[in-house]
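First up is the structure itself, then whatever we jot down about it.
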Amino acid sequence: MLNWPNCTNARDLGGLPLTNGGRIRAGTLMRSDNLDQLTDAGVAAVRAAGVSRIVDLRSAWECETFPSPFTHDDRWLNVPLTDPADPDVPELDLFELYRILIDSYPERFAAAITAIAEAPPGAVLLTCHAGKDRTGLVTALTLALTGVPHDAIATDYTITNLTEPRPGFALPTAETMLQLLAHVDTKYGGPAPYVLAAGTTPTHLTSLNARLR
């Protein structure tokens with residue numbers, strides 16, 4: 001975990017293996033929970049980590065109600081993965097909730113991938129509320145697009161500061177992410193066809209791989 005007071009779920013994804021034998025480069029892709037609780041030392045730590053783009057996946061309402069300390073910084077970009085106006089869904093297991101998001105809003109995921117690919121040189125930080133669900137989904141697609149094996153993606157997904165379920169926060173399991181990645185492969189032919197059909201370009205995918213590998 002990264003020491004960013006008061007973030008409790010921040011980490012660098014560098015070191016994850018690639019199918020070609022390489023690894024994700026350290027200091028290129030990071031993930032965290034909401035930054036609104038950061039202390040001054042935490043804000044300084046984010047800057048010191050070389051973060052050039054913060055992709056905030058929260059809804060516009062969340063960003064207004066619980067503003068990031070980087071809201072007025074050029075490195076902050078809101079790319080909402082959810083919207084309060086979205087139809088309510090019944091209480092389902094995490095896989096079904098994730099599947100609904102993936103199937104219903106491909107353009108939102110494509111926008112997030114595009115934001116990573118178009119970021120200035122430096123580290124990209126993905127963040128949402130708990131740093132688990134929305135951040136976990138975009139992270140998984142990004143890693144899959146870069147060539148990280150499914151089992152490594154699923155293992156990373158399970159890393160969390162949560163030790164027991166809380167209302168609205170189910171614990172992540174590897175099986176949930178493996179199911180989701182299999183669903184993307186089966187229904188869309190993989191993450192690349194999925195995001196390309198929704199607005200990401202081949203140039204974006206080339207840039208994504210160049211910055212993370």
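Keep in mind the model is a prediction, meaning the values are calculated, not measured. Computed from heavy atoms alone, side chains included, the values below leave out hydrogens, waters and symmetry copies.
- In this structure a side-chain-to-backbone donor-acceptor pair under 3.5 Å is missing from Asp156 to Ile153.
- With Arg58 contributing its side chain and Phe66 its backbone, the two residues share a donor-acceptor pair below 3.5 Å.
- Across all their heavy atoms, Ala112 and Val79 have their closest contact at N-CG1, 3.7 Å.
- Using a 4.5 Å heavy-atom threshold, the side chains of Tyr105 and Leu81 count as separate.
- Contact of the Arg47 side chain with the Arg75 side chain is registered, since non-hydrogen atoms from C-beta on lie closer than 4.5 Å.
- Taken to the nearest 0.5 Å, the CD1 atom of Ile24 stands 4.5 Å off from the CG atom of Leu18.
- Leu29 and Phe70 are assigned to two separate hydrophobic clusters, defined by single-linkage of ILVMFWY side chains at heavy-atom distances under 4.5 Å.
- No donor-acceptor distance shorter than 3.5 angstrom exists from the side chain of Arg211 to the backbone of Val124, with no hydrogens or angles considered.
- Note on Trp4 and Val55: separate hydrophobic clusters, where clusters join Ile, Leu, Val, Met, Phe, Trp and Tyr whose side-chain heavy atoms are under 4.5 Å apart, directly or indirectly.
- Checking side-chain atoms of Asn6 against main-chain N and O of Thr39 turns up no donor-acceptor pair under 3.5 Å.
- Taken from CD in Gln179 to CZ in Arg99, the straight-line distance is 11.0 Å, to the nearest 0.5 Å.
- Screening Asp36, Val138, Asp56, Leu57 for a side chain to side chain contact (heavy atoms under 4.5 Å, CB included) with Thr127, the sole residue that qualifies is Asp56.
- Atom CG of Asp74 sits in a sparse spot, with 12 or fewer heavy atoms from other residues, nucleotides or ligands closer than 6.0 Å.
- Side-chain atoms of His150 and Asp185, non-hydrogen and from C-beta on, do get closer than 4.5 Å to each other.
- For the pair His129 and Arg134, the minimum side-chain heavy-atom distance is below 4.5 Å.
- Across all non-hydrogen atoms, the minimal contact from Phe109 to Leu101 is CE1-O, 3.4 Å.
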Pair Leu94-Leu180, side chain to side chain contact (heavy atoms under 4.5 Å, CB included): steps then yes or no: CA-CA 10 Å; Leu94 275 181; Leu180 193 281; over 6 Å; no
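- Put simply, the side chain of Leu16 does not reach to within 4.5 Å of the side chain of Thr155, judged on heavy atoms.
- Hydrophobic clustering, with ILVMFWY side chains joined whenever heavy atoms are under 4.5 angstrom apart, groups Leu205 together with Leu181.
- When the side chains of ILVMFWY residues are joined at heavy-atom separations under 4.5 Å, either directly or via intervening members, Leu13 and Leu2 end up in two distinct hydrophobic clusters.
- Contact of the Ser207 side chain with the Glu118 side chain is not registered, since no non-hydrogen atoms from C-beta on lie closer than 4.5 Å.
- Residues Asp103 and Tyr188 meet the side-chain proximity criterion, which asks for heavy atoms closer than 4.5 Å.
- Closest approach of Arg23 and Gly15 over heavy atoms only: NH1-O, 2.6 Å.
- For the 3.5 Å distance criterion, the side chains of Thr201 and His204 qualify, holding a donor opposite an acceptor.
- Note that OG1 of Thr200 is 9.0 Å distant from CG of Leu208, once rounded to the nearest 0.5 Å.
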Working for side chain to side chain contact (heavy atoms under 4.5 Å, CB included), residues Trp76 and Val51: CA-CA 10 Å; Trp76 183 81; Val51 173; over 6 Å; no
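- The line from OG1 of Thr142 to CD1 of Ile116 is 3.5 Å long, rounded to the nearest 0.5 Å.
- Note: Asp83 CG to Ser59 OG = 7.0 Å, rounded to the nearest 0.5 Å.
- Each of Ile113 and Met30 belongs to its own hydrophobic cluster when Ile, Leu, Val, Met, Phe, Trp and Tyr are linked at side-chain heavy-atom distances under 4.5 angstrom.
- Looking at Tyr194, its side chain never comes within 3.5 Å of a backbone N or O of Leu141 through a donor-acceptor pair.
- Of all the heavy atoms in Leu38 and Pro5, the pair that sits closest is CD2-O, 3.2 Å.
- Here the shortest heavy-atom pairing between Gly190 and Pro193 reads O-CD, 3.3 Å.
- Within the 4.5 Å cutoff, no side-chain heavy atoms of Gln37 are placed close to those of Thr8.
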Derivation and outcome, side chain to side chain contact (heavy atoms under 4.5 Å, CB included), residues Asn9 and Arg11: CA-CA 7 Å; Asn9 203 14; Arg11 61 187 185 273; 3.6 Å; yes
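- Between the side chain of Ser52 and the main chain of Pro121, a donor-acceptor pair closer than 3.5 Å is present.
- What you find for Gly22 and Asn20 is that their closest heavy atoms are N-OD1, 2.8 Å.
- With rounding to the nearest 0.5 angstrom, the OH atom of Tyr157 is 14.0 Å from the CG atom of Leu143.
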Residues Leu125, Ser32; criterion side chain to side chain contact (heavy atoms under 4.5 Å, CB included); working and verdict: CA-CA 7 Å; Leu125 171 63; Ser32 78; 3.8 Å; yes
